[in-house]
Amino acid sequence: VQLQASGGGLVQAGGSLRLSCAGSGRTFSTYAMGWFRQAPGKERDVVAAISWSGTSTYYADSVKGRFTISRDNAKNTVYLQMNSLKPEDTAVYYCAADGRRGIPLKGYDYWGQGTQVTVSS
């Protein structure tokens, strides 16, 4: 599966952004999806993940209550709604797909290109 992330940009603290990740292929709906981020000098960490059906989700503690992951399998797209953004959310955000059941938190099979999110204070 090929993934294309979009929606990043520059926003002031407290603002919102919605990231989108469009996937190719008729099997998109069978993949768990995740959003990861990597800040300069730091490791890439999982931010949120969603099961293939959309019924189960995971959020990192740092984004709980502020970010929402969702998916529209009819459109082969997964979203990350980011509200109440903070400067520490600044990073390159990546979407990823994995064929395992449940909500994998690492070892994803397929990756999209990153999209930069910058939050100014």
Side-chain angles (χ1 to χ4, degrees):
V1 61
Q2 292 184 322
L3 304 172
Q4 180 76 34
S6 62
L10 173 64
V11 64
Q12 290 187 333
S16 298
L17 282 174
R18 188 176 80 156
L19 305 183
S20 299
C21 177
S24 64
R26 292 180 292 177
T27 59
F28 177 86
S29 62
T30 67
Y31 287 92
M33 298 295 297
W35 284 100
F36 293 74
R37 69 185 180 187
Q38 187 168 21
K42 296 188 177 181
E43 294 185 351
R44 186 178 301 185
D45 292 323
V46 61
V47 173
I50 189 166
S51 61
W52 67 272
S53 64
T55 56
S56 298
T57 57
Y58 165 86
Y59 296 96
D61 287 343
S62 58
V63 306
K64 279 181 182 177
R66 300 189 298 122
F67 290 12
T68 302
I69 189 171
S70 62
R71 66 189 299 161
D72 185 339
N73 285 339
K75 296 182 178 179
N76 281 8
T77 303
V78 64
Y79 305 97
L80 186 67
Q81 178 67 44
M82 306 186 294
N83 299 327
S84 302
L85 283 161
K86 305 175 180 180
E88 51 263 44
D89 294 318
T90 295
V92 178
Y93 284 70
Y94 300 87
C95 62
D98 192 273
R100 289 170 289 174
R101 291 301 185 187
I103 312 176
L105 301 184
K106 59 182 178 180
Y108 274 62
D109 297 324
Y110 304 99
W111 292 84
Q113 92 294 355
T115 185
Q116 176 71 47
V117 171
T118 303
V119 184
S120 63
S121 58

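Between Val117 and Val119, some side-chain heavy-atom pair lies under the 4.5 Å cut-off. At a threshold of 4.5 Å between non-hydrogen side-chain atoms, the residues Val92 and Thr115 do not count as touching. Side chains of Tyr110 and Tyr31 form a contact here, defined as non-hydrogen atoms less than 4.5 Å apart. Looking at heavy atoms from C-beta onward, Leu105 lies in side-chain contact with Tyr58 at the 4.5 angstrom threshold. Using a 4.5 Å heavy-atom cutoff, the side chains of Asp72 and Tyr79 are in contact.
Salt bridge absent: Lys86 and Asp89 never bring a charged side-chain N and a carboxylate O closer than 4.0 Å.
Across Cys21 and Met33, no two heavy atoms sit closer than the pair SG-CE, 4.2 Å. Of all heavy-atom pairs spanning Ser121 and Pro87, the tightest one is CB-CG, 3.8 Å. The two residues Asp109 and Gly99 come nearest to each other via the heavy atoms OD2-N, 3.1 Å.
Taking the ring centroids of Trp52 and Phe28, they lie at or beyond the 6.0 Å cut-off.
Phe36 and Met82 are members of different hydrophobic clusters when ILVMFWY side chains are connected at heavy-atom separations under 4.5 Å. Hydrophobic clustering (ILVMFWY, side-chain heavy atoms < 4.5 Å, transitive): Leu19 and Val63 are in one cluster. Note on Leu3 and Ile103: separate hydrophobic clusters, where clusters join Ile, Leu, Val, Met, Phe, Trp and Tyr whose side-chain heavy atoms are under 4.5 Å apart, directly or indirectly. One hydrophobic cluster holds both Phe67 and Val78 under the rule that ILVMFWY side chains link at heavy-atom gaps under 4.5 Å. Residues Ile50 and Val1 share a single hydrophobic cluster, defined by chaining ILVMFWY side chains whose heavy atoms lie under 4.5 Å apart.
Under the 3.5 Å distance criterion, the side-chain polar atoms of Gln113 are matched with a main-chain donor or acceptor of Ala5. Tyr59 places a side-chain N or O within 3.5 Å of a backbone atom of Ile69 that can act as its donor or acceptor partner. Within the 3.5 Å criterion, the main-chain N or O of Ala32 finds no donor-acceptor partner in the side chain of Arg100. Side chain of Thr118 to backbone of Thr90: no donor-acceptor contact under 3.5 angstrom is found. Judged purely by atom type and a 3.5 angstrom limit, Thr68 has no side-chain atom pairing as donor or acceptor with the backbone of Gln81. No donor-acceptor pair closer than 3.5 Å links the side chain of Asn76 to the backbone N or O of Thr27. With hydrogens and angles disregarded, a donor-acceptor distance shorter than 3.5 Å links the side chain of Thr77 to the backbone of Lys75.
Only one option out of Gln38, Arg37, Gln116 pairs with Tyr93 in a side-chain hydrogen bond (donor to acceptor under 3.5 Å, both in side chains); it is Arg37.
Ser120 contributes atom OG, which lies 5.0 Å from atom CD of Gln12 (distance to the nearest 0.5 angstrom). Atom OG of Ser20 is separated from atom CZ of Arg71 by 13.5 Å, given to the nearest 0.5 angstrom. Here Asp45 contributes atom CG and Lys106 contributes atom NZ; the two are 11.5 Å apart, rounded to the nearest 0.5 Å. Taking OG of Ser62 as the start and CD of Glu88 as the end, the distance is 9.0 Å to the nearest 0.5 Å. Note: Ser6 OG to Gln4 CD = 7.0 Å, rounded to the nearest 0.5 Å. The structure places CZ of Arg101 at 11.5 Å from OG of Ser56, a figure rounded to the nearest 0.5 Å.
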| said: Pair Trp35, Val46 - check side chain to side chain contact (heavy atoms under 4.5 Å, CB included), show working. | reply: CA-CA 6 Å; Trp35 284 100; Val46 61; over 6 Å; no

